[in-house]
Amino acid sequence: GVEEAFYTTDRVMTVSFHKYGDYFPGTGALDDVGHDVGKYYSLNVPLRDGVDDAAYETLFVPIMSKVMERYQPGAVVFQGGADSLSGDRLGGFNLSIK
């Protein structure tokens, strides 16, 4: 979806924190980093089932701080899926709405 739309451009940096493994659509590996002029403008942070708020924050804060420092975007768009919330049968994560 979003990553694929911008995979070959350096005009948009995509960062994805997502469930990874034997799970549809099977994309979003660590080495999926973009292509051509878009190389290194795509960052994937694959997660396993059970990630909670503390674990997510431990990854999210330093990674996004470095992305913001290096890329210096003029705008940020955040897309958060509800399947990351605790209790969602599809996502398998344990994130709260805090």
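Everything numeric in this text was worked out from a predicted model, so none of it was measured. Sequence positions, counted from 1, serve as the residue numbers for this chain.
- Scanning for side-chain hydrogen bond (donor to acceptor under 3.5 Å, both in side chains) contacts around Ser96 gives Asp53, with sequence neighbours left out.
- We find the OH-NE2 distance between Tyr40 and His35 to be 12.0 Å, quoted to the nearest 0.5 Å.
- Side chains of Phe17 and Ile63 form a contact here, defined as non-hydrogen atoms less than 4.5 Å apart.
- Across all non-hydrogen atoms, the minimal contact from Tyr7 to Asp32 is OH-CA, 3.5 Å.
- In this structure, a donor-acceptor pair under 3.5 Å is present between the side chains of Glu3 and Ser42.
- Hydrophobic clustering (side-chain heavy atoms under 4.5 Å, transitive across Ile, Leu, Val, Met, Phe, Trp, Tyr) keeps Tyr41 apart from Val37.
- Listed here is the closest heavy atom pair of Val51 and Ala55: CG2-CB, 3.7 Å.
- Atom CD of Glu69 is surrounded by more than 12 heavy atoms from other residues, nucleotides or ligands within 6.0 Å.
- In this structure, the separation between NZ on Lys66 and CE on Met64 is 13.0 Å, given to the nearest 0.5 Å.
- Under a hydrophobic-cluster definition in which Ile, Leu, Val, Met, Phe, Trp and Tyr are linked whenever side-chain heavy atoms come within less than 4.5 Å, directly or via other members, Tyr71 and Leu59 are assigned to the same cluster.
- For the pair Leu47 and Tyr56, the minimum side-chain heavy-atom distance is below 4.5 Å.
- No chain of hydrophobic side-chain contacts below 4.5 Å, direct or via other Ile, Leu, Val, Met, Phe, Trp or Tyr residues, connects Val15 to Val33.
- Contacts of Met68 classified as side-chain contact (heavy atoms from CB on, under 4.5 Å), with partners at least two apart in sequence or in another chain: Pro73, Val76.
- Asp31 contributes atom CG, which lies 9.0 Å from atom CG of Asn44 (distance to the nearest 0.5 angstrom).
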